[in-house]
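Reading through the structure tokens given below for one structure.
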Amino acid sequence: MTNDQMQLFGGSWTEQKLAILAEYLSSYNTALKKQPFTRIYVDAFAGTGYRQQRRSRSRMPDLFQETDQDESQGFLKGSAKLALETEPAFHRYIFVESDAAKVSELGKLGQDHPDKKGCIQVIQSDANAFLRDFCTNQSWVGARAVVFIDPFATEVEWATIEAIARTQAIDVWILFPLMAVNRLLSRDSRKVHRSALGRIFGTDEWFERFYQTRREDDILGQSFEKVTKAGDFDRIRDFYLERLRGVFAKVAEKPRVLCNSKGSPLFQLFFAASNRRGTAAEIAVRIASHLLENL
Ligand SMILES: C[S@@+](CC[C@H](N)C(=O)[O-])C[C@H]1O[C@@H](n2cnc3c(N)ncnc32)[C@H](O)[C@@H]1O
């Protein structure tokens with residue numbers, strides 16, 4: 001295959017996810033700009049600020065091709081860079097990343113944004129550990145935040161989500177790993193990854209949701225318990241939505257399913273708002289729902 005046969009691939013689930021995030025950040029800052037809050041953006045799985053341009057073997061035209069310089073050089077903007085470009089701006093940017101090389105790249109983002117240099121913190125940490133500490137120790141009296149949770153797979157623990165909900169000051173976007181969780185729910189119930197699923201859902205109730213137990217007779221007429229998997233992508237989504245509703249003030253009821261190029265669901269993008277005072281959560285969810293359902 002020649003280079004000419006390689007086409008830039010656009011319109012992927014990554015683009016959808018980032019387009020929704022970028023629009024939300026701008027709406028959020030516009031809505032809060034006259035209020036006396038310090039607005040903080042927290043990117044808990046920040047990457048480098050850029051992502052490598054993906055190439056596809058297909059001849060599909062690149063519907064989402066953009067023309068700015070970064071992209072012609074083979075890089076597209078990642079969430080941290082998009083957050084820095086948001087107008088109106090945030091007062092603080094916290095970029096968390098566990099990989100040392102990526103942390104070093106994140107450290108360079110301030111060079112393109114000299115006006116924001118003093119507002120950017122780059123932290124090398126596990127996202128769960130950082131977020132729990134941040135949610136507990138940040139004073140929320142005069143501060144509000146948007147947290148973006150964008151893991152590769154099943155890194156995010158339920159205890160972290162609960163810590164975010166308790167602040168009553170954070171709006172959160174969660175990229176939930178549908179396909180990875182579906183794989184943890186093995187067909188053979190004896191091989192299920194119980195501890196990982198317990199960490200993700202924060203309860204053992206998932207077992208009754210995703211497995212059906214019934215008694216059957218074997219050929220000798222002996223009764224035995226048969227356990228079959230009943231969990232599918234829709235049930236996984238519904239269960240996580242129910243878990244979020246249990247701890248957040250308000251949750252977007254139609255999270256966006258993000259599929260790979262073959263149409264298989266990879267992730268579900270959820271939004272939840274934690275502020276139980278006044279109408280803040282309602283407004284936030286209205287904006288997020290509009291983006292999830294229309295963008
Ligand atoms: C999907 S990528 C993030 C992409 C980024 N949000 C963007 O738009 O460019 C996930 C990132 O999380 C980092 N990571 C993986 N496990 C982590 C953890 N436990 N805590 C913090 N970062 C982690 C990976 O090194 C990777 O850079």
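Since this is a predicted model, take the numbers as computed values, not measurements. Ligands are counted one by one from 1 in listed order, and the atoms in each one are counted from 1 as well. For reference, positions follow the sequence shown, starting with 1.
- Distances from atom 10 (C) of ligand 1 to the heavy atoms of Val103, Ile149, Asp150 put Asp150 nearest.
- At least one heavy atom of Asp126 sits closer than 4.0 Å to an atom of ligand 1.
- Heavy-atom neighbours of Ile219 CD1 from other residues, nucleotides or ligands within 6.0 Å: at or below the threshold of 12.
- For Leu18, every heavy-atom contact with ligand 1 shorter than 4.0 Å involves the side chain, none the backbone.
- The protein atom (non-hydrogen) at minimum distance from atom 9 (O) of ligand 1 is Gly78 CA, 3.4 Å.
- Within the structure, ligand 1 has Lys102 among the residues with a heavy atom less than 4.0 angstrom away.
- For a threshold of 3.5 Å applied to N or O pairs, the pair formed by Ser79 and ligand 1 contains at least one separation below that value.
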Tell me, with the steps shown, if Phe90 and Val146 meet side-chain contact (heavy atoms from CB on, under 4.5 Å). CA-CA 10 Å; Phe90 284 88; Val146 180; 4.3 Å; yes
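- In terms of protein heavy-atom proximity, atom 3 (C) of ligand 1 is nearest to Phe45 O, 3.0 Å.
- Counting non-hydrogen atoms of neighbouring residues, nucleotides and ligands closer than 6.0 angstrom, the CZ atom of Arg187 reaches no more than 12 such neighbours.
- Looking only at protein heavy atoms, the nearest one to atom 27 (O) of ligand 1 is Glu97 OE1, 2.7 Å.
- Heavy-atom separations between Gly49 and ligand 1 are all 4.0 Å or longer.
- Distances below 4.0 Å separate heavy atoms of Ala46 from the following atoms of ligand 1: 5 (C).
- In the displayed structure, Arg245 atom CZ is contacted under 6.0 Å by more than 12 heavy atoms of other residues, nucleotides or ligands.
- Residue Ala80 places no heavy atom under 4.0 Å from ligand 1.
- Nearest non-hydrogen protein atom to atom 17 (C) of ligand 1 is Ser98 OG, 3.3 Å.
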